[in-house]
Amino acid sequence: MDVARLVDGLHQSTAGFAEAVAGADPDARVPTCPEWPLRVLAGHIGQAHRWAAGIVRSGPSPVPDPFDADPGRPGEWPDWLHRGAEELAEAVLAAGERPVWTFFGDRPASFWLRRMLHDTTVHRADAAIATGAAFRVAPDLAADAISEWLEILADPATPTLKPALAELRGTGQTLQLRPEAGPGWLITRTPGGVRWARAADTADVTLAGPVEDLLLVFTRRLPLGRVTVTGDRALAEHWLAHTAA
């Protein structure tokens with residue numbers, strides 16, 4: 001996915017998030033982020049965009065606490081959110097393909113644009129669930145979000161950052177995500193970690209449905225029953241119980 005599409009997607013997801021929280025109670029709890037009220041969720045989005053922009057411009061800094069973010073009064077949230085997204089987009093475009101720091105070693109600056117796009121998309125779903133707003137995401141963005149999450153889970157550094165994810169190791173068990181259109185994802189749990197490919201094949205368990213639903217189930221925003229499960233349901237449940245996004 002090229003940088004222009006990532007920039008466009010970031011602005012789409014940020015606008016959708018702003019729409020989802022418009023007029024809502026800032027103290028309302030977010031069911032899928034139960035420790036956060038809506039104000040903290042909104043604060044996290046704008047804070048994370050600005051934090052990532054700072055990394056691209058000048059290097060690593062400590063991960064900020066979402067409870068420290070100040071998005072202002074609810075009526076000010078849309079402008080504040082859009083400014084953060086624009087700041088990140090401008091920083092990445094200025095950096096070009098210059099390597100920058102990430103949790104997984106130096107990567108092109110576009111890493112942070114892609115990471116923040118998909119983080120915003122998933123948290124947009126959190127906001128929609130909390131407020132009853134509609135949620136839609138373009139199929140190409142939903143598919144790339146799944147791939148990016150699998151890239152993170154498969155990276156050898158990930159269990160050192162989140163030790164609980166070591167529970168995803170296995171002895172060859174396979175899971176498949178099968179969207180209604182386009183190639184799916186075949187995931188293999190090996191002793192050395194998660195392996196995956198864009199492929200269709202037989203698997204111990206297959207989750208099938210619209211790519212948007214697959215993304216939200218895979219990131220634990222919707223229940224497993226939202227998609228069609230064929231095969232070893234307990235394997236899918238174990239996977240979801242040991243992941244978080």
Side-chain angles (χ1 to χ4, degrees), residues 1-6 9 13 97 99 102-108 110-122 125 137-245:
M1 186 169 290
D2 63 27
V3 170
R5 180 61 178 129
L6 293 173
S13 287
E97 288 303 293
T102 81
F103 293 109
F104 310 102
D106 286 354
R107 302 281 178 87
S110 57
F111 168 92
W112 284 109
L113 184 60
R114 188 181 183 216
R115 177 81 289 273
M116 290 297 108
L117 160 59
H118 298 319
D119 186 64
T120 303
T121 296
V122 172
V137 58
D140 65 324
L141 297 181
D144 192 62
I146 292 172
S147 292
E148 194 245 6
W149 181 224
L150 284 169
E151 288 172 17
I152 290 173
L153 293 177
D155 194 288
T158 296
T160 68
L161 301 169
K162 290 190 174 182
L165 293 176
E167 294 295 325
L168 297 180
R169 294 170 181 157
T171 54
Q173 298 90 342
T174 53
L175 304 89
Q176 183 172 202
L177 304 180
R178 183 179 294 164
E180 293 177 331
W185 295 262
L186 183 65
I187 305 159
T188 305
R189 299 172 58 169
T190 78
V194 174
R195 303 289 180 267
W196 69 281
R198 292 301 301 269
D201 204 344
T202 57
D204 295 317
V205 62
T206 294
L207 281 58
V211 67
E212 178 181 293
D213 288 354
L214 290 172
L215 169 63
L216 296 186
V217 168
F218 202 50
T219 55
R220 307 196 317 174
R221 266 56 191 187
L222 289 177
L224 186 55
R226 183 65 174 257
V227 296
T228 300
V229 180
T230 306
D232 187 354
R233 188 183 185 92
L235 178 59
E237 291 172 342
H238 182 276
W239 174 280
L240 294 174
H242 290 86
T243 58

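Along the sequence shown, the residues carry numbers beginning at 1.
Under the side chain to side chain donor-acceptor pair (under 3.5 Å) criterion, Glu97 pairs with no residue, sequence neighbours left out. With sequence neighbours left out, Glu151 forms a side chain to side chain donor-acceptor pair (under 3.5 Å) with Arg114. The side chain to side chain donor-acceptor pair (under 3.5 Å) check on Trp185 picks up Ser147, with sequence neighbours excluded. Partners of Thr188 by side chain to side chain donor-acceptor pair (under 3.5 Å), not counting sequence neighbours: none found.
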Using side chain to side chain contact (heavy atoms under 4.5 Å, CB included), reason through Val194 and Trp239 one step at a time and then give a plain yes or no. CA-CA 11 Å; Val194 174; Trp239 174 280; 4.0 Å; yes

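Pro223 places none of its side-chain heavy atoms less than 4.5 Å from the side chain of Val217. Side-chain contact between Leu207 and Leu175: absent, with no pair of heavy atoms (C-beta onward) separated by less than 4.5 Å. Inter-residue side-chain proximity for Phe218 and Thr243 is flagged as unmet; no heavy-atom pair is nearer than 4.5 Å. Considering only heavy atoms from C-beta on, Val211 stays 4.5 Å or farther from Glu180 through its side chain. Put simply, the side chain of Met1 reaches to within 4.5 Å of the side chain of Leu141, judged on heavy atoms. Looking only at side-chain heavy atoms (C-beta outward), Arg221 and Val122 come within less than 4.5 Å of each other. Between Phe104 and Leu161 the shortest side-chain heavy-atom distance falls below 4.5 Å.
Here the side chain of Thr190 pairs a donor or acceptor atom with the backbone of Gly193 at under 3.5 angstrom. For Arg198 (side chain) and Gly184 (main-chain N/O), a donor-acceptor pair under 3.5 Å exists by modelled atom type.
Closest approach of Asp140 to Arg5, counting heavy atoms only: OD2-NE, 2.8 Å. Nearest heavy-atom pair, Thr102 versus Gly105, reported as atom, atom and distance to 0.1 Å: OG1-O, 2.6 Å. Nearest heavy-atom pair across Ala142 and Val137 is CB-CG1, 3.9 Å. Scanning both residues, Leu216 and Ala125, for their nearest heavy atoms gives CD2-CB, 3.7 Å.
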Return a table of donor-acceptor pairs under 3.5 angstrom between the side chains of residues 227-234 and protein atoms on other chains or two or more places apart.
{"from": "Asp232", "atom 1": "OD1", "to": "Ala234", "atom 2": "N", "distance (Å)": "3.2"}
{"from": "Asp232", "atom 1": "OD1", "to": "Leu235", "atom 2": "N", "distance (Å)": "3.3"}
{"from": "Arg233", "atom 1": "NE", "to": "Glu237", "atom 2": "OE2", "distance (Å)": "3.4"}

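Residue pairs meeting the side chain to side chain donor-acceptor pair (under 3.5 Å) criterion with at least one partner in residues 203-216, sequence neighbours excluded, are Thr174-Asp204, Gln176-Thr206, Asp213-Arg226.
With respect to the salt-bridge test (charged N to carboxylate O, under 4.0 angstrom), the residues Asp155 and Arg107 qualify.
Side-chain polar atoms of His242 and Arg169 form no donor-acceptor pair below 3.5 angstrom.
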